[in-house]
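The structure appears below as C-alpha cells.
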Amino acid sequence: MATTEVLKRLGMWNEDPRRPLPWALSAHPKRREEDVRPIFWASRPKSYIYRTQEWDEFPNGRWGNSSSPAFGELKDYYLFYLKSKSPREELLKMWGEELTSEESVFDVFAHYLSGEPNRNGCRAYLEFFTSPETVEALLQVLKKYELRVNYHIVDVKGENITNAPELQPNAVTWGIFPGREIIQPTVVDPVSFMFWKDEAFALWTEQWGKLYEEESPSRMIIQYIHDNYFLVNLVDNEFLLDNCLWQVVEDTFELLNRPTPEKETGAP
C-alpha cells in the first residue's frame, strides 16, 4: 500500500498543507498558490507585490525558465514604494547627517552587512554594491571558485558579467512538503535580477540621495556611487559545505591590498 494512502487512512494527510514560506502569505485570491519568488525582493515584499500585480498566474512549486517576466516599470506609483516611511530626521541619524567620502557610506553598510549561510535546503547567498576596482579584483578571485560560485555583476546601465546560464534560475532555498514535490520558494533568476537592478540602483538616489540638498557633497557622493558602482550577487552552490562567500570577499580585499610595484615606488 502506498505511503500516501496509509497516511490518508490514518487521517494524517493534508491535501493542502499550510506552507511555511520566506514571506507573509498574501490574502489575494490570485496569489493563494504562489510559493516561489526571486530572492532579490526579500526585504521589499510590498514592492514585489506591486510590480507583479498584473500577472494572471504566479509561480507554484518551481520558477522555471523565464525569458521575459512582465515586471512593472519603475514609474508612477512604483516610485512611491522606493520612499522610506521613516521620517527624514530618523534616516539622517541612521545614514549620516553629512557624507564626506565613499568611506562614510561604507561605514553605514558595515552596520547592516550580512549574508545567508549554507545549510540543508539553502545555498549561501550574498548581494552587495561595490566599486569598479573591487569588481576587477573580485573577478580574479572568482576564477578559483568558478565551479562552485555563480555570480552576476551588473552596472546601472545593465552591462552584466556572469558565469551563470542566461535564462536558468538557481534555487537558493527548497523543501519537501506533504503531498507535494520538492518546491523552491526562493530563486536567483537572471532575468528578474535585471529588473531588480533598476530598483536597487534607484534606491540610492530616491531614498538616500534626496535626503541631502542638490549639489551638496553628500548628494554628489551618493550620485557617484549610483552612476559608477556595480551590483553583485554570489551563490555558493555547495550547500553541504561551509559557506565560502565570505572567504571570496576576504580574498578580494587581500588582493586589493597586496603591494604592487606602483604602490611600492609611490608612482602615480
Side-chain angles (χ1 to χ4, degrees), residues 16-74 77-82 85 112 114-129 150-152 154 158 160 162 164-203 207 231-237 239 245:
D16 186 23
R18 188 167 183 82
R19 302 183 295 277
L21 295 170
W23 61 84
L25 295 177
S26 174
H28 196 288
K30 288 201 305 182
R31 291 186 178 268
R32 183 175 180 273
E33 299 299 324
E34 178 188 22
D35 56 18
V36 186
R37 290 182 183 178
I39 194 172
F40 318 122
W41 283 273
S43 62
R44 294 180 57 78
K46 289 184 179 180
S47 174
Y48 181 80
I49 288 173
Y50 273 85
R51 295 194 69 181
T52 59
Q53 65 179 341
E54 301 300 328
W55 290 8
D56 293 323
E57 296 180 349
F58 294 90
N60 175 252
R62 294 176 183 270
W63 184 265
N65 287 358
S66 60
S67 58
S68 57
F71 288 93
E73 295 298 326
L74 280 177
Y77 58 86
Y78 293 118
L79 289 175
F80 175 79
Y81 286 93
L82 296 180
K85 305 301 184 292
Y112 301 100
S114 64
E116 182 66 33
N118 282 10
R119 59 176 182 265
N120 191 24
C122 178
R123 290 187 173 103
Y125 177 81
L126 189 61
E127 182 178 319
F128 55 91
F129 285 94
N150 282 140
Y151 58 84
H152 294 86
V154 64
N160 187 32
T162 182
E166 183 179 359
L167 300 177
Q168 180 63 48
N170 189 2
V172 180
T173 60
W174 58 90
I176 303 174
F177 298 89
R180 299 289 307 279
E181 62 177 11
I182 295 176
I183 69 167
Q184 303 168 346
T186 313
V187 299
V188 171
D189 175 52
V191 178
S192 302
F193 183 61
M194 300 305 285
F195 286 94
W196 163 245
K197 174 267 300 181
D198 295 334
E199 185 168 335
F201 275 100
L203 286 167
Q207 196 170 83
L231 178 63
V232 178
N233 77 54
L234 305 175
V235 179
D236 180 2
N237 291 304
F239 62 92
L245 299 185

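Fair warning: this is a prediction, and the values are worked out from it, not measured in the lab. Sequential numbering from 1 along the given sequence is applied to the chain's residues.
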Closest heavy-atom pair, Asp189 versus Leu167, reported as atoms and distance to 0.1 Å, is OD1-O, 4.4 Å
In short, Ala164 meets Thr162 closest at the heavy-atom pair N-OG1, 2.9 Å
- Before giving the answer on side-chain contact (heavy atoms from CB on, under 4.5 Å), spell out for Thr52 and Arg37 the whole-Å C-alpha distance, their side-chain angles and the decisive distance to 0.1 Å. CA-CA 11 Å; Thr52 59; Arg37 290 182 183 178; over 6 Å; no
(Q) Set out, in order, the CA-CA distance, both residues' side-chain angles and the distance that settles side-chain contact (heavy atoms from CB on, under 4.5 Å) for Tyr48 and Glu199, then state yes or no. (A) CA-CA 10 Å; Tyr48 181 80; Glu199 185 168 335; over 6 Å; no
Could you walk me through whether Val188 and His152 satisfy the side-chain contact (heavy atoms from CB on, under 4.5 Å) test, starting with their C-alpha distance in whole Å, then the side-chain angles of each, then the deciding distance to 0.1 Å, before giving a yes or no?
CA-CA 10 Å; Val188 171; His152 294 86; 4.3 Å; yes
Residue pair Thr186, Tyr125: steps toward the side-chain contact (heavy atoms from CB on, under 4.5 Å) verdict | CA-CA 11 Å; Thr186 313; Tyr125 177 81; over 6 Å; no
**Asked** If we only count heavy atoms from C-beta on, is the Ile39 to Thr173 side-chain gap below 4.5 Å?
**Response** no
- Item | Heavy-atom side-chain contact between Trp196 and Leu231 under 4.5 Å | yes
CG (Asn150) and CZ (Arg123) are apart, to the nearest 0.5 Å, by 8.5 Å
- Please tell me if the side chains of Ile49 and Trp41 come closer than 4.5 Å, counting only heavy atoms from C-beta onward. no
Shortest non-hydrogen pair, Pro165 vs Pro190, comes out as O-CG, 3.7 Å
